[in-house]
Structures are given as C-alpha cells and as structure tokens.
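Have a look at the structure below before the remarks.
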Amino acid sequence: MNAPTAPAEFARAVCPHDCPDTCAMRVTVKDGKAVKVTGDPDHPPTQGVLCTKVSRYAERTHHRDRLLTPLRRIGCKGEGRFEAIGWDEALRYAAERLKPIAARAPEAILPYSYAGTMGLVQGESIAARFFNALGASRLDRTICAAAGAAGLRYTYGASLGMHTEYFEESELILIWGSNPIASNLHFWTRAQEAKRRGAKLIAIDPYRSLTADKCHQHIALRPGTDAALALAMIHVLIRENLIDRDYIDAHTLGFEPLKARAAEYPPARAAQICGIEEQVVVDLARAFGATRKASIRLNYGMQRVRGGGNAVRAIASLPSLTGAWRERSGGVLLSSSGWAPVNSGALERQDLLPGWPSKLPRLINMNAIGDALLHPGDAAFGPKVEALIVYNSNPVAVAPDSEKVAAGFAREDLFTIVLEHFQTDTADYADLVLPATTQLEHLDVHKSYGHTHVMANIPAIAPVGDSRANTDIFRGLARAMGLTHPALFETDEQIAANALRWDDPALAGQSWETLKANGWAQLKLPEAPFANGGFRTPSGKCEFYSERLEKEGRDPLPDYLPPYESADGAPELAARFPLAMISPPARNFLNSSFVNVESLRSTEGEPHVDIHPADAHARQIADGEIVRIYNDRGSMQARARVTDRAREGLVVGLSIWWKKLAPDGRNANQVTSQALTDLGGSATFYDCLVEVEAAH
Ligand SMILES: Nc1nc2c(c(=O)[nH]1)N[C@H]1C(S)=C(S)[C@@H](COP(=O)(O)OP(=O)(O)OC[C@H]3O[C@@H](n4cnc5c(=O)[nH]c(N)nc54)[C@H](O)[C@@H]3O)O[C@H]1N2
Ligand SMILES: Nc1nc2c(c(=O)[nH]1)N[C@H]1C(S)=C(S)[C@@H](COP(=O)(O)OP(=O)(O)OC[C@H]3O[C@@H](n4cnc5c(=O)[nH]c(N)nc54)[C@H](O)[C@@H]3O)O[C@H]1N2
Ligand code: SF4
Ligand SMILES: [Mo]
C-alpha cells in the first residue's frame, strides 16, 4: 500500500459500487478491523444514509470467506479446487504462462472487467496501462449503460442531465425504466420530498416494482416499447401545441423531421405497440406539456433491449420540446457522469498501445464474451483468446447467454486469472486466483453518475490477509513480465493526484490535497444545465436529427425498433416462447455482489419468478411451485410467485444470483442473449423470450 491509513476516529470512504448514489461513508476502526460503516451526514447527496447492503460492508470485508492468499487450480475448471501459494510464486506462474502468448500474439490476451469498483484508481489505471503496454485485445465495456450513453451522446453530446437535488422542486416526475427504491435510494428521497410538496409521480415500467407501487400512477407497458410511447408523446405535444417554439428554434436541431417522424406514431398506434390504453398515452403527454417543472428520472432498465439507444434519444427530446430545460427542476437525468473532468488519458495511457493512435488492437464487446471465448480464431476475428484476466467483475454469473460463457471459461487451453474478494462462480474457473483488497483497504478517487460530486476514498484498514490492491497486482504482473515503462509503476497516490483535471473550471479552487482532506467536492456547474442551450453536440444544440448518425449510415432520427424477441420482431419465436422475461436487480444484492453475504441472501430467500395469474393459470402453475424457465439458450428453475406485479405476458426474475448459491446451480443469464442494442453495442438482458412450465 502506498497511502497512509487514516488516524482519525473514522476514515472517509466512498461506496465503490455500481450505483448512481456514490455515497460518502465513515468507517469506524477498532484493533485494525473495520467495525462499522455509516453514511456521512455531512455529505449532501448521502445525507447520512447508506442502503441496507452497504451498511453491511464491514461484514463483507471481514467475511470468513474472503480470499486471503493467491490460489492455484488443482481441480477441473469450474470445480473450485485450489491450493494456496505465495505471491512470488503466483506472479512467476502468471508471467510464465502469459509471456509466450504476449510474444507470439498479444491480442490473444483479453482483459475482462467492469464496475465491481467504480474507483478511477482501482478500475482502469495500472490495469489499462498493463494491457495497453502488452498490446492485448481491448474490451468494449458495454454490459450496462452503453446504449443510453450513446443515445445521450447523439442527442446532448455527452452523459449530462439534471441535478438530482432539484427533482424536489418538480411538479411532475416520470420515473422511467427505473426502480430507485432498490437501485437509486437517494433519488427516491428527493422524489418523496417532491410528492410531499404536491408533485405527481408516474412510474413507467412493465413491472410493478417497489417504486411503481408507491407512485400515483403506474404505466405498465410492454418491455422494449418505450420509444413508441415517447414518439406518441411528441406527437401529442406538437398536435396540441404544448411546445416551446422559442426554445426549439434557439436550441434544437431537426424539429421538422422529428415532427414528421412523430406523425407516424399517433397515440392509438403507440397504445397498441405498448399494450396500454390510448387515453393513458394522451394524458401522459398532456401532463408533461402542462408544466415546465416536469422531470424524467430515466434509468438503465429501459435500454437493455434492441431499441434502447433510440428510446433514450426519443425520451431525451421531450424536455427540449416543452422547454422544461429552462427550469432547474425540469429535464432528464439518466447519467451525470459526463460532468466530472476525468483525466482518462492520464489514467489509462492509451498512448502505450502499440500502433497508437491509428492502428489499435482489436476490440471485443464484453456482451459477446461467450462467443469470443468459443471462437477458434480466423482472419476476421483475429487470434483465438488464449489468456483471460478478470477483475472487478463476475462474468460467469452476470454475462448473457451463460451456457456459452461457462463453456468458454471451461476451455482447458484457456489460461485464466481472476482478481477477486471471494470465490465467485467466475473464480471457480480460474487457473490462478489473486486476492484483492476491498474499498476499506485501498486508495481511490470517484466520480458519480447520479450526483455531481467528486470524492476521495482513504484506506481505513490494512489489506486483509495477503490481499493486494488491483493496482499492486498489476504492477507486480508488469514487473514479472519484464515490462519497464515507468507509467506501469506509478503509486496509487500519484495516479489519484492526476485522475482529475484540476484546471477545469468545475474544479476551481480544488486539488487532490483538498479532496483528500474534505472527502468530496461539489463540481461548480449551472443549476439548470441547458436553460440557455449549451449542448455538447457538434452543433451545440439538442440534436433531434443527428448528422453523425446519418454519416454512419444509420437513422438520423429516433424511431421505435421492436425488440428482437417479441411478437413484432420475431413472430415464430414468440409462438414457441410467448413470455417476455426481465431480470432486474434484487434490492438486497448489487448485481452479483452481496449474494454471498448470508444476512442479505436470506432476506431475498431464493430465486423467484413473478408471473401474472392469467399466464400461471394457462400453464397450471400454482403460487409457490418450482417452475422451469427456458428457451433455446438454456433453462433455470425458480419458485413461482403468482402476482399481478408482472403484467400479462411478462415474467420477472429478480437477479443476479450466484449460480452456485441457487438450488439448481443456474441463474437468469442461462436464458438471456448476446444480441446487441441499436446504438452503443449494449447488452439486451431484457429482450428475452421464454416459456415457463411446472418443474417435475
Ligand atoms: N439494489 C441494487 N441496486 C443497484 C443494482 C443492484 O443490482 N441492486 N445495480 C446497479 C446497477 S449496475 C445499475 S445499472 C442500476 C440499475 O438500476 P436501473 O437503472 O433502475 O435499472 P434496472 O434496475 O435494470 O431496471 C429498472 C426498472 O426498469 C424496468 N424495466 C425493464 N425493462 C423495461 C423496459 O423495457 N421499459 C421500461 N420503461 N422499464 C423497464 C424494470 O422492471 C425495473 O423495475 O442499479 C444499480 N443499483
Ligand atoms: N440477467 C441480468 N444480468 C445482468 C444484469 C441484469 O439486470 N440482469 N445487469 C447487468 C449490469 S447493469 C451490470 S453493471 C453487470 C454487473 O456485473 P459486474 O460488474 O460483474 O458486477 P458484480 O456482479 O457486482 O461483480 C463485481 C465483482 O467485482 C468484485 N470486486 C469488487 N471490488 C473489487 C476490487 O477492488 N478488486 C477486484 N479485483 N474485484 C473487486 C466483487 O467481489 C464482485 O464479485 O451485470 C449485468 N448482468
Ligand atoms: S450501493 Fe448505492 S445507495 Fe448503497 S451505499 Fe452504495 S452508493 Fe449508497
Ligand atoms: Mo449496471
């Protein structure tokens, strides 16, 4: 470790998880152990509150199953039998296996990582530099948000939106593809405050989630049909002249073509596509057009389908049509991550790539990891993947089309290293498991995608066992491989100090030293970000019509694209597998993290599937019965909950279970597909048809 541990009665930490709230935490340490983790009462977005899961972070950190030493596989792949070895031996073994591959075909080495920690230092700093210096394959990190990010990029120019605190002042809040009670708790507090002040809350979600339950209205549309709803709203707003002509003229591009596109979506057509009442569509548009204090908390749940990017473009157009952006309590928030001046060039050092910047190593989309690992290699694909290094992710549980993913990981000729806290489903397939530190044991810097603070995480305790920070592990791997570039050996403190662009006006008066001392800094930004335009697109306007998309040979206007797997998109498939399945997060898990924390797992109980009474009746499925959920890709079992929380034609399996902690050793990703979204190449977890039957 190269950062001092904090001497005060508590250490300042940051919740590292992939959650928009990015809470500030206080860690109480006793006898070298973290004994309590609480929300920082002084941090405005956190307001002293952590969610149930992360309140258990000390329990997770000192869990008896923490990986404490490097482990080398002695059993079969997937079996999970290992022997403990020392770090020197582990690094020597890794280098011995990786070096010949790096010399012969560096692209045969593939990193696989996501947001196990959102930290800029323990995420893509030394790790990225290591793979760049080797010339390894690049990974397209698209499993979560890429469609939405692309939708925002083409429309606003970047991942920018409203400030979460001003939702309190909204008169109408659409909670769209979002379940904040489970996954964006501190926004929910704001929404409730708005409700107390008289705002109307409307949930747009195929499932009556915990959040939808508590809104004034719930619009349960079919999954993947949001673009049709938004285009029909645009239709009504224009038809009824609920638009702000001055704002449109000054700050938007392509109103006339958008109007023509929306003309194709009268409310009756959208109602039919979405499976809702026509009047609901009309009323929704009228409500949105009735006040400029109309806001949309859009979230990623609605973009995990074929048309996810287009849907985000259509929805992002709404406040630019009504002029809601003129108010600080009007607009859209999908992500605020683009506000933070992150120095990604300094962090990742793409310039270390051989061929930079013109000829780069191949890019592999992480959503197709199953196919990638099973590919024999050819001229188009490039070399077969021979070595895989996984960190900050648990792909055997979380990646789609899991039968293929597991088959890929099971390849005897694949050399796999997994950096982890725990022996996950993925770690079971490793040749070498390397124990990593948790957030309480390492240094980091964070931005947030749900608020506009940047934050510092100071280690509270020494590494547990022989665990090492990701950065330390990659420095060790680089040394063992004989790499010499000085960027590979920077300390965490040096990396952190350069992670942000301190000369950016949003960080005026701040430095790494002040950030460390204070724990966080609020970015200096306008309250109503687009009140006077200022979009970051090439035209500086909100681009309803995108010339960039047109140049790429794609539809320059937002449109509705039926899900790949739907009666509209694939009638024959829908005849065999008539139920749409979604598998959004369970409240007590964070993706697949915390599934192994007993107190949280026992609250979730066991894998369930929610099914509508009519669908259950047609299949003679009783409440509480074990059912089999299947399609051509695979199957899993779960206990049926017969409930109208799921609309007709929909089944819902809250996720993401560790396979080995589920009774049948499987999870929802057995049935999800590797198909990609329209924009951004994102995953399509919620574009998935299945059939369900009683398990005998
Ligand atoms: N407790 C908890 N919190 C989490 C996570 C977790 O696993 N557990 N995961 C974190 C991560 S990585 C992310 S990305 C976010 C995810 O959180 P969100 O961005 O909110 O996304 P999801 O939870 O995937 O889905 C939100 C809601 O969208 C609905 N939905 C599904 N398909 C559609 C659709 O086609 N249209 C519409 N309108 N709605 C749809 C789902 O039923 C769900 O209720 O949460 C983060 N926070
Ligand atoms: N069926 C279905 N599948 C989904 C989703 C869904 O809604 N339904 N959601 C998708 C989404 S939105 C996302 S973002 C992905 C998330 O997928 P992942 O990014 O894989 O997230 P987690 O499952 O939380 O796994 C993160 C792992 O990183 C480890 N980790 C945490 N911190 C560190 C660290 O500092 N060092 C190291 N080495 N390891 C660390 C944790 O122990 C954990 O095992 O899953 C996707 N998969
Ligand atoms: S998971 Fe989200 S709500 Fe929970 S502590 Fe972390 S940032 Fe806060
Ligand atoms: Mo995510």
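Computed from a predicted model, the values in this text were never measured in an experiment. As the structure lists them, so they are numbered: ligands from 1, and atoms in each ligand from 1.
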Under 4.0 Å from a heavy atom of R304: give me the atoms of ligand 1 that qualify, with their elements.
14 (S), 16 (C), 21 (O), 24 (O)
Measure from atom 45 (O) of ligand 1 to every heavy atom in P584, A115, G148, S183 and give the option owning the shortest one.
S183
Give the atom numbers and elements of ligand 1 that come within less than 4.0 Å of a heavy atom of R587.
1 (N)
Separation between CZ (F187) and CD (Q192), nearest 0.5 Å, reads 10.5 Å
Top protein contact for atom 43 (C) of ligand 1, by heavy-atom distance
D205 OD2, 3.2 Å
Can a donor-acceptor pair be found, under 3.5 Å and without considering hydrogens, that links the side chain of R12 to the backbone of N457?
no
May I ask you to list the atoms of ligand 1 that are less than 4.0 angstrom from any heavy atom of G224?
34 (C), 35 (O)
Would you find a donor on one side and an acceptor on the other, under 3.5 Å apart, between the side chain of Q122 and the backbone of L443?
yes
What do you reckon, does N591 have a nitrogen or oxygen under 3.5 Å from a nitrogen or oxygen of ligand 1?
yes
Numbering the atoms of ligand 1 from 1, which are under 4.0 Å from a heavy atom of C144?
14 (S)
Using only atom types and a distance under 3.5 Å, with no angle test, would you say the side chain of E441 pairs donor to acceptor with the backbone of I461?
no
Distance-only N or O hit between ligand 1 and D226, under 3.5 Å:
yes
Which of the atoms of ligand 1 are close to A182, meaning less than 4.0 Å from one of its heavy atoms?
1 (N), 2 (C), 3 (N)
Number the atoms of ligand 1 from 1 as they appear, then name those within less than 4.0 Å of a heavy atom of F589, with their elements.
1 (N), 2 (C), 6 (C), 7 (O), 8 (N)
So for ligand 1, is T225 a polar contact partner (N or O within less than 3.5 Å, distance only)?
no
For atom 24 (O) of ligand 1, what is the nearest protein heavy atom, given as residue, atom name and distance?
Y686 OH, 2.7 Å
So, 2.8 Å as the limit: is an N/O/S atom of C23 located closer than that to atom 8 (Fe) of ligand 3?
yes
With a cut-off of 4.0 Å, which atoms of ligand 1 are near a heavy atom of I204?
37 (C), 38 (N), 39 (N)
Whether Y560 and Y265 hold their rings parallel, tilted or perpendicular, with breakpoints at 30° and 60°
perpendicular
Run the contact test for A212 against ligand 1 with a 4.0 Å cut-off on heavy atoms, strictly below, and give the result.
no
Heavy-atom gap Q303 to ligand 1 smaller than 4.0 Å:
no
Just to be sure I read this right, does ligand 1 sit under 4.0 Å from the backbone of N299, its side chain, both, or neither, counting only heavy atoms?
both
With only distance considered, is G301 within less than 3.5 Å of ligand 1 through an N or O on each side?
yes
Below the 3.5 angstrom mark, is there an N/O of Y449, backbone or side chain, next to an N/O of ligand 1?
no
